[in-house]
Amino acid sequence: MEGAAVEDLASMDNRKSGRVTSRMRCWCEGDNVTLYSRVGNLSEGGLFLRTSTPMREGTRTAVRLGAGEESGQAFQTMAKVVWTRQNGKSWPPGMGLQFEPLDATSLERLRQIISHERARWPEA
């Protein structure tokens, strides 16, 4: 296994929230850059955003999910880029985003999106 893959497996063991596969689109804005990319997975703590042009680690971003999706109204929050990955043989390129603390309303909306995605991609 390559070094990056080993690091990713180790970080999976340290996650506080279970992740679900997602294919929804996400707006992400930070460092004077706006991305509209596909989410790879999602949890109450953050998400993996597939992109060949990840932002720098430590970048603070505005994230918006669910706009125009079947799952209902949009979810918006601030997040921080905690890791990036370039294109590799085993893993898609992208960046890991950690959500800033959420209020009760935002957390409930995120849980609705996660539940919807879990039902939408049960075998992934």
Side-chain angles (χ1 to χ4, degrees):
M1 229 183 228
E2 295 179 23
V6 172
E7 288 176 15
D8 287 336
L9 290 175
S11 68
M12 285 180 201
D13 294 338
N14 295 327
R15 290 182 177 154
K16 294 177 184 173
S17 304
R19 297 210 170 227
V20 298
T21 298
S22 178
R23 304 280 192 282
M24 67 189 335
R25 297 261 182 198
C26 175
W27 287 98
C28 182
E29 299 178 43
D31 268 357
N32 297 318
V33 174
T34 300
L35 300 172
Y36 184 61
S37 298
R38 192 161 307 276
V39 173
N41 59 53
L42 176 66
S43 77
E44 289 182 19
L47 61 85
F48 170 64
L49 190 64
R50 293 174 178 258
T51 177
S52 58
T53 56
M55 296 176 194
R56 290 178 295 114
E57 285 183 37
T59 300
R60 191 164 183 250
T61 66
V63 174
R64 185 170 49 139
L65 294 171
E69 298 278 337
E70 299 169 16
S71 60
Q73 68 183 20
F75 164 79
Q76 291 184 230
T77 192
M78 297 301 294
K80 182 172 89 172
V81 178
V82 292
W83 58 266
T84 64
R85 182 173 57 218
Q86 299 302 318
N87 201 13
K89 294 178 183 177
S90 301
W91 305 92
M95 58 186 175
L97 300 172
Q98 180 179 25
F99 298 138
E100 291 186 356
L102 302 172
D103 62 36
T105 302
S106 296
L107 182 57
E108 180 57 33
R109 176 66 192 121
L110 178 58
R111 286 176 175 162
Q112 290 170 356
I113 291 171
I114 290 169
S115 177
H116 181 265
E117 290 298 283
R118 183 175 287 121
R120 191 174 176 191
W121 308 102
E123 297 173 13

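The structure presented is a predicted model; accordingly, all values stated were derived computationally and were not measured. Position 1 is the first residue of the sequence; numbering continues from there.
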How far does CG of L110 sit from CG of L47, to the nearest 0.5 angstrom? 9.0 Å

Heavy-atom pair of closest approach, residues V63 and C26: CG1-SG, 3.5 Å

List for me each residue that meets side chain to side chain donor-acceptor pair (under 3.5 Å) alongside T59, sequence neighbours excluded, and say none if there are none. D31

Going by side chain to side chain contact (heavy atoms under 4.5 Å, CB included), name the residues that satisfy it together with Q76, two or more places apart in sequence or in a different chain. R64

Using the test side chain to side chain donor-acceptor pair (under 3.5 Å), find all partners of R111 that sit at least two apart in sequence or belong to another chain. E44

Taking all atoms of both residues into account, what is the closest heavy-atom pair of L35 and M95, and its distance? CD1-CE, 3.6 Å

Determine the minimum heavy-atom distance between S43 and G18, stating which atoms define it. CB-O, 3.3 Å

Any idea which heavy atoms bring V82 and Q98 closest together, and the distance? CG1-OE1, 3.5 Å

For P92, what residues pass the side chain to side chain contact (heavy atoms under 4.5 Å, CB included) criterion, not counting sequence neighbours? F48, R50, R85

Hey, could you give me the OG1/CG distance between T61 and L97, rounded to the nearest 0.5 Å? 5.0 Å

Taking all non-hydrogen atoms of both residues into account, name the closest pair between M24 and L65 and its distance. SD-CD2, 4.2 Å

Measuring from atom OG of S52 to atom CD of Q86, what distance do you get when rounded to the nearest 0.5 angstrom? 8.5 Å

Partner set under salt bridge (charged side-chain N to carboxylate O under 4.0 Å, His left out) for E100, not counting sequence neighbours: R60

Side chain to side chain contact (heavy atoms under 4.5 Å, CB included) filter on D103, not counting sequence neighbours, yields T105, S106

Return the OG to CD1 distance between S22 and I114, rounded to the nearest 0.5 Å. 9.5 Å

Quick one: do F75 and L102 satisfy side chain to side chain contact (heavy atoms under 4.5 Å, CB included)? Show the steps, please. CA-CA 11 Å; F75 164 79; L102 302 172; 3.9 Å; yes

Please name all residues satisfying side chain to side chain donor-acceptor pair (under 3.5 Å) with T53, sequence neighbours left out, ordered by chain then number. T51

Is there a path of hydrophobic side-chain contacts, each under 4.5 Å between heavy atoms, that joins M78 and Y36? no

